[in-house]
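First up is the structure itself, then whatever we jot down about it.
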Amino acid sequence: MTFETRLAKTIKLALESLFNLNVEFQSITLQPTRKEFEGDFTLVVFPYVKASRRSPEETARMVGEFVQSQLEIIASFNVIKGFLNFSLKDEQWIGFINEASGNNSYGTLAPAGNDPVVVEYSSPNTNKPLHLGHVRNNLLGYSVSRILEAAGNKVFKVNLVNDRGIHICKSMLAWIKWGTGETPESSGKKGDKLVGDYYVLFEKEMRKEAAQVAATTGCDDETARNNAPLMAEARELLRKWEAGGQDVVGIWKMMNQWVYDGFHSTYKRMGVDFHKIYYESETYLLGKEIVNEGLASGAFFRKEDGSVWVDLSDEGLDQKLLLRSDGTSVYMTQDIGTAQLRYDDYKATRMIYVVGNEQNYHFDVLRRVLGKLQKPYSEHLFHLSYGMVELPEGKMKSREGTVVDADELMEEMYKTARETTEALGKVDGFTEDEKQELFETIGMGALKYFILKVDPKKNMLFNPNESIDFNGNTGPFIQYTHARICSILRKAAETGLDKQQYKVEAIALNNKEKILIRSLYGFPQVVQQAAAEMSPAQIANYVYDLAKEFNQFYHDHSVLNEPDPDVSRFRLDLSLLTARVIKTAMGLLGIKVPERM
RNA sequence: GGUUCCGUAGCUCAGUUGGAUAGAGCAACAGCCUUCUAAGCUGUGGGUCAUUGGUUCGAAUCCAAUCGGAAUCACCA
């Protein structure tokens, strides 16, 4: 039973016997006492003054006295206005550290197995390399998966690759027309970059044509683009692909494989992975069947031109297209199919889609459409919607060349980590391999933390001209704190301090120790909360505070040079648990922590 | 125009589900390495929590309106 639970139970008893007031146990909320006041847990008594018919101070004093006399873990209490602050006995806190420092998986739960969750993330197109927006998506998806696992869920990470459609045909067409057989091997380019270049080439040439069309016919931009001869060729290619034309499918497979090879290395460096990869080319037909079922059951309707629609006007939305008049499927059709497939594959109780907030409307419609179909899982879809990464000049635009490429960004982070670390002279005793690994750890740590510390639903700003910081509220700051602790642990192992025992009653906690202990004590709750809200940012902010608190403790008090052997030994446990929580928390963000840096 | 989201220090962001005097980092300035790693620690300055009302013991947090910004409203994905 947690300290809070025991306190709350006694408080409930106090309210009953002192004021004849019966309150819901759940409604008694204790909060950590703010640092500027003395105490560990605070009860706000204002809600009870009506029933007590006494002043807030008097009410608090009476409850405090009752609780202190009944509950042996309480050392003292104080009252400030309507705030009742309880202090726990030191031995309780020390006992907690003693127990938790012996628990290798402190803060996380074992997977229950009966509550499978599917997290879809990444879901790239195969015509463009991954950029900063994808980085946010991937880091969020991976981290949320880890956090849900830590909260006891069985998690399946899946990726749905958008490998078909008109956009792929554009890259293919450009490669066929102007590629002269170029391959990743012959060009030395990464496969996804190569294919992306042909997509850009197509757009460039097509725009030239469109400009001519517009000049001769005087039509608007959009019409001009649709009437460009290259667009007609691309559509023809798509028809051939859908008809299963051998040569087209061959090129398609080859070029997609180049892209997958390229993505694979990007994913690997980013440290993300998947249980299963779905391909739209393999799933896009499934949605049609379901739509036809809906048509038969009357959930959907057909218009005169043959197109199929759902009417959501009774739910305050619009009519939405589900099948084109030529019978081909649209985005929504595909998502209806993949939702069903995923449900069949995993019997998931929750299906989480990590997708940008520009698709909020789409997922709102998807859930309602599945509801119309009376699918049991329609209530269990969750769109984890995240904000865009913006540059100082606004949105990233590929046309203006302001897209921040994922590979280049990671390489940049590596270089900055190397320069900074070497300038500090921190790697003198390192082998070449160890250096490489350390620079990578620090560079990726800085990048990941920078992105994950921001609340997912908010837009965030990235300024390419200012390198991501390594000081202050950053990944390297936290990594550094971990490395410092590891240094203490190594030395303690050399002197044999870690083998000794200590006497609880010989220790009186100081303020910095208490603050640190309370933070450590709160870790499991933070994990649960982050899982409930699917917010890695909560983990990030927690672990930053923890690292800061350790640094303050470290600055004011020594572990190894402490003359009192009991205190020294206890502080070693405190440090050990801090290091472990830092490592676990950073792991939930997909960030490694070095033992030396 | 409809819908959804956002607005907190010069900049980037927190703010524990309605609690005490709104916090960090960066940037600026001033200190701290003979002591477990100075990627650290300490201090100074910086705020009408967009605005106005409402709800109540109590509001950055909840409600309404207004202002400002973003996304979306395709037989694109």
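Chain letters run A, B, ... following the sequence lines, proteins first and then strands; every chain starts at 1.
E57(A) and R61(A) are not joined by a salt bridge, as no carboxylate oxygen comes within less than 4.0 angstrom of a charged side-chain nitrogen. For the pair E236(A) and R239(A), the salt-bridge criterion is met [side-chain N within less than 4.0 Å of a carboxylate O].
Between F550(A) and F553(A), the distance from one ring center to the other falls under 6.0 angstrom. Remark: aromatic rings of F523(A) and Y542(A) are close, center separation under 6.0 Å. Proximity of the aromatic rings of F477(A) and F470(A) is defined here by a centroid distance below 6.0 angstrom, and this criterion is not met. Ring centers of H362(A) and Y331(A): under 6.0 Å apart, within the cut-off.
A donor-acceptor contact shorter than 3.5 Å links the side chain of T495(A) to the backbone of A492(A). Of the possible donor and acceptor atoms, none in the side chain of N78(A) sits under 3.5 Å from a partner among the backbone N and O of F86(A). Looking only at distances, no side-chain donor or acceptor of N159(A) sits under 3.5 Å from a matching main-chain atom of I277(A).
Counting only heavy atoms from C-beta outward, the side chains of L381(A) and L366(A) approach each other to under 4.5 Å. The shortest side-chain heavy-atom distance between S568(A) and L497(A) falls under the 4.5 Å cut-off. Within the 4.5 Å cutoff, the side chain of N162(A) has no heavy atoms near those of the P124(A) side chain.
Figure legend: cation-pi geometry between K303(A) and W309(A), with NZ or CZ positioned under 6.0 Å from the six-membered ring centre and within 45° of its axis. Both the sub-6.0 Å distance and the 45° axial angle are satisfied by R596(A) relative to the ring of F430(A).
Using a 4.0 Å heavy-atom criterion, one finds that F477(A) contacts the sugar-phosphate atoms exclusively. Counting any heavy atom pair closer than 4.0 Å across all strands shown, N85(A) reaches a base atom. The residue V559(A) sits close to a base: some heavy atom pair falls under 4.0 Å. Nucleic acid contact class of F37(A) (heavy atoms, under 4.0 Å, all strands): base. Y331(A) comes within 4.0 angstrom of a nucleotide base, judged by non-hydrogen atoms across all strands. Residue-level contact check: Q359(A) touches the bases, meaning some heavy atom is under 4.0 Å from a base atom. If you check every strand for non-hydrogen atoms under 4.0 Å, T29(A) touches nothing. When heavy atoms are screened at a 4.0 angstrom cut-off, I442(A) is found touching base atoms of the nucleic acid. Residue contacts for N463(A): at a heavy-atom cut-off of 4.0 Å it reaches no nucleic acid atom on any strand shown. Heavy atoms of T474(A) sit nowhere under 4.0 angstrom from any nucleic acid atom.
Look at the C1' atom in both U21(B) and G2(B): the space between them is 44 Å, to the nearest Å. On the P atoms, G40(B) is 31 Å away from C49(B), given to the nearest whole Å. Nucleotides A27(B) and A65(B) place their C1' atoms 38 Å apart, quoted to the nearest Å. Taking the P atoms as reference points, G47(B) lies 12 Å from A22(B), given to the whole Å. Using C1' as the reference atom, G15(B) and G25(B) are 15 Å apart when rounded to the nearest Å. Rounded to whole Å, the C1' atom of A20(B) lies 10 Å from the corresponding atom of G58(B). Using P as the reference atom, A50(B) and G10(B) are 13 Å apart when rounded to the nearest Å. Atom name C1', nucleotides U16(B) and C11(B): the rounded distance is 26 Å, in whole Å.
Phosphate proximity of A39(B) to R596(A): absent, as no side-chain N or O sits under 4.0 Å from OP1 or OP2. Look at R34(A) and you won't find any side-chain N or O under 4.0 angstrom from OP1 or OP2 of G19(B). Dashed line: the shortest gap from a side-chain N or O of K35(A) to OP1 or OP2 of G23(B) is not under 4.0 Å. Between A39(B) and K426(A), a contact under 4.0 Å exists linking OP1 or OP2 to a side-chain N or O.
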Interface polar pairs with nucleotides 11-13 of chain B, N/O, under 3.5 angstrom:
unit_1 : atom_1 : unit_2  : atom_2 : d
C13(B) : OP1    : L461(A) : N      : 2.8

Each nucleotide N or O in nucleotides 27-35 of chain B that has a protein N or O under 3.5 Å away: list the pair and distance.
unit_1 : atom_1 : unit_2  : atom_2 : d
U35(B) : O2'    : N561(A) : ND2    : 2.9

request  = Take R571(A) and E562(A), measure what salt bridge (Lys or Arg N to Asp or Glu O under 4.0 Å) needs, and give me the verdict at the end.
outcome  = CA-CA 9 Å; R571(A) 286 182 184 163; E562(A) 163 61 40; 3.1 Å; yes
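Nearer to the 5' terminus of RNA chain B, by closest-nucleotide assignment, is the contact made by K81(A) (compared with the other of Q552(A) and K81(A)). Each of Q334(A) and Q538(A) was assigned the nucleotide of RNA chain B with the nearest heavy atom; the assignment lying further toward the 5' end belongs to Q538(A).
Ring stacking holds between Y554(A) and C36(B), with the centres under 5.5 Å apart and the planes within 30 degrees of each other.
In this view, D545(A) satisfies the salt bridge (charged side-chain N to carboxylate O under 4.0 Å, His left out) rule with no residue, not counting sequence neighbours. Partners of T33(A) according to the side-chain contact (heavy atoms from CB on, under 4.5 Å) rule, which considers only residues two or more places apart in sequence or in another chain, are F37(A), T42(A), N85(A), R518(A). By the salt bridge (charged side-chain N to carboxylate O under 4.0 Å, His left out) test, E494(A) pairs with no residue at all, sequence neighbours left out. Contacts of R484(A) classified as side-chain contact (heavy atoms from CB on, under 4.5 Å), with partners at least two apart in sequence or in another chain: Y480(A), N551(A), Y554(A). Take R302(A) and apply the side-chain contact (heavy atoms from CB on, under 4.5 Å) test, not counting sequence neighbours, and it matches L295(A), V308(A). Listed by chain and residue number, E549(A) satisfy the salt bridge (charged side-chain N to carboxylate O under 4.0 Å, His left out) test with K35(A) (two or more places apart in sequence, or in another chain).
Of the residues in residues 44-61 of chain A, V44(A), F46(A), P47(A), K50(A) come within less than 4.0 Å of RNA chain B through at least one heavy atom, sorted by number. In the region residues 518-531 of chain A, proximity to RNA chain B at under 4.0 angstrom, judged on heavy atoms, holds for Q529(A). Shown for residues 479-489 of chain A: residues whose heavy atoms fall under 4.0 angstrom of RNA chain B, namely Y480(A), A483(A), R484(A), S487(A), I488(A).
A straight line from CG of D40(A) to C1' of A20(B) spans 17 Å, rounded to a whole angstrom.
With its glycosidic angle more than 90° from 0, C6(B) is assigned anti. In this structure, U34(B) is classed as anti because its glycosidic torsion departs from zero by more than 90°.
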inquiry  = Expected output check: what is the dot-bracket annotation of RNA chain B, where ( ) and [ ] are pairs inside the strand (brackets for crossing ones), | is paired with another strand, and pairs are Watson-Crick or G-U under 3.5 Å?
reply    = (((((((..((((.....[...)))).(((((.......))))).....(((((..]....))))))))))))....
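Distance from the side chain of E390(A) is smallest for A70(B) among the nucleotides C26(B), A77(B), A70(B). When the nucleotides A71(B), U16(B), A77(B) are ranked by their closest atom to the side chain of P32(A), U16(B) comes out on top.
The aromatic rings of Y284(A) and W241(A) are tilted relative to each other, their planes meeting at an angle between 30° and 60°.
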